[in-house]
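Quantities reported herein were computed from a predicted structural model and do not represent experimental measurements. We name chains A, B, ... by the order of the sequence lines, and we start the count at 1 in each one.
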There are 2 protein chains.
Amino acid sequence: MAKYSNKLDMTFSALADPTRRAIISRLCDGPASVGELSQPFDIALPTLLKHVRVLEKCGLVSSEKAGRVRTCRIETSVLQESDEWLRQHISLWENRLDRMEHHIKNMKKDQ
Amino acid sequence: MAKYSNKLDMTFSALADPTRRAIISRLCDGPASVGELSQPFDIALPTLLKHVRVLEKCGLVSSEKAGRVRTCRIETSVLQESDEWLRQHISLWENRLDRMEHHIKNMKKDQ
DNA sequence: TAGATACTTTACCACATGGCTAAGTATTCT
DNA sequence: AGAATACTTAGCCATGTGGTAAAGTATCTA
């Protein structure tokens with residue numbers, strides 16, 4: 001089966017889950033412990049931890065353990081990489097539309 | 001299990017697959033038939049069709065059948081919606097960093 | 001009209017994913 | 001030391017996903 005061929009796969013897949021997007025939203029407001037992250041959700045701690053691990057694996061989140069508390073923070077560089085893919089494709093398409101428009105104008109001119 | 005709660009779920013999940021991203025890249029270059037789309041890939045036609053259906057369900061791609069040929073085209077509005085989520089979160093985080101910097105400057109001033 | 005073409009549908013399979021409980025480990029508090 | 005806290009690991013389960021082959025359905029083309 002198609003495993004994750006690259007970072008973009010992992011990142012978009014990570015972003016596809018609403019719980020994980022909520023974790024990211026929360027972390028945009030500042031670092032938080034695993035326990036703090038779990039509070040808004042009606043899911044067991046191991047499940048939340050799995051989500052955090054997924055976010056860590058693709059680099060969207062980093063964490064560090066001090067004593068018995070693990071503190072998580074967001075890493076926006078990976079968000080930016082995904083953003084870049086999207087923007088690039090949006091502009092590819094828009095450039096094509098521009099070229100088409102240009103082409104149509106030329107056709108009219110030639111009549 | 002967590003079904004797709006909203007469009008963003010579906011869209012990011014659709015973008016998580018490399019074949020589907022390749023289809024989108026191809027369609028940025030102009031509309032294509034199902035057969036044309038399948039050519040670069042080493043997958044069976046039904047598999048490719050499934051991918052197209054996934055892209056259609058979340059609105060990234062639209063298609064139309066004329067005779068026996070189905071022509072697919074990209075719809076950038078949905079790409080833009082996902083892009084908006086990413087940009088929003090990047091800026092949320094950046095604003096927070098700005099506030100922190102500001103806060104630190106004030107602390108130094110007060111010394 | 002017979003054959004080729006271009007999808008479509010159906011039915012199946014293996015593996016990934018998100019969820020859980022229960023038990024384990026390391027720190028910190030009393 | 002003993003109890004409480006804050007994760008962590010392990011193991012299990014149901015469903016979803018990407019893949020297949022084979023058979024079906026329209027449309028062209030000769």
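If you take NZ of K50(B) and C1' of dC12(C), they are 10 Å apart, rounded to a whole angstrom. Atom P of nucleotide dT9(C) and atom CG of L48(B) are separated by 14 Å, given to the nearest angstrom. Straight-line distance from the CZ atom of R20(B) to the C1' atom of dG18(D): 8 Å, rounded to whole Å. For the pair D9(A) CG and dG18(D) P, the interatomic distance rounds to 11 Å; values are reported in whole Å. As rounded to whole Å, 12 Å separates atom P of dT27(C) from atom CZ of R70(A). Rounding to whole angstrom units, CG of residue D17(B) and P of dA16(C) are separated by 14 Å.
Residues L45(A) and L49(A) have side chains not in contact (no heavy-atom distance under 4.5 Å, counting atoms from C-beta outward). The shortest side-chain heavy-atom distance between I24(A) and W85(B) falls under the 4.5 Å cut-off. Counting heavy atoms from C-beta outward, V61(B) and R73(B) have side chains that stay 4.5 Å or more apart. A 4.5 Å side-chain heavy-atom check between I23(A) and L48(A) finds at least one atom pair inside the cut-off. Contact of the D9(A) side chain with the D17(B) side chain is not registered, since no non-hydrogen atoms from C-beta on lie closer than 4.5 Å. Looking at heavy atoms from C-beta onward, L60(A) lies out of side-chain contact with E75(A) at the 4.5 angstrom threshold. With contacts defined as side-chain heavy-atom distances shorter than 4.5 Å, the pair R87(A)/D83(A) qualifies. Under the 4.5 Å side-chain criterion, counting only non-hydrogen atoms from C-beta, C72(B) is in contact with L37(B).
Residues from residues 53-65 of chain A with heavy atoms under 4.0 angstrom of DNA chain C: there are none. Across residues 26-41 of chain B, S33(B), V34(B), G35(B) each have a non-hydrogen atom less than 4.0 Å from an atom of DNA chain C (numbered order).
Considering only side-chain N and O atoms, T47(A) lies under 4.0 angstrom from the phosphate OP1 or OP2 of dC20(C). Between dG19(C) and H51(A), a contact under 4.0 Å exists linking OP1 or OP2 to a side-chain N or O.
You'll find that the side chain of T19(B) is closest to dG19(D), out of dG19(C), dG19(D), dA6(C).
No donor-acceptor distance shorter than 3.5 angstrom exists from the side chain of R26(A) to the backbone of R21(A), with no hydrogens or angles considered.
F12(A) and F12(B) have parallel rings, their planes meeting at less than 30° on a 0 to 90° scale where 60° marks the start of perpendicular.
For L45(A) and L49(B), each mapped to the nucleotide of DNA chain C holding its nearest heavy atom, the one lying further toward the 5' end belongs to L49(B).
E56(B) and S62(B) share no side-chain donor-acceptor pair at under 3.5 Å.
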For nucleotides 21-29 of chain D, just jot down a letter per nucleotide in 5' to 3' order: B, S or -, based on protein non-hydrogen atoms under 4.0 Å. BB----BS-
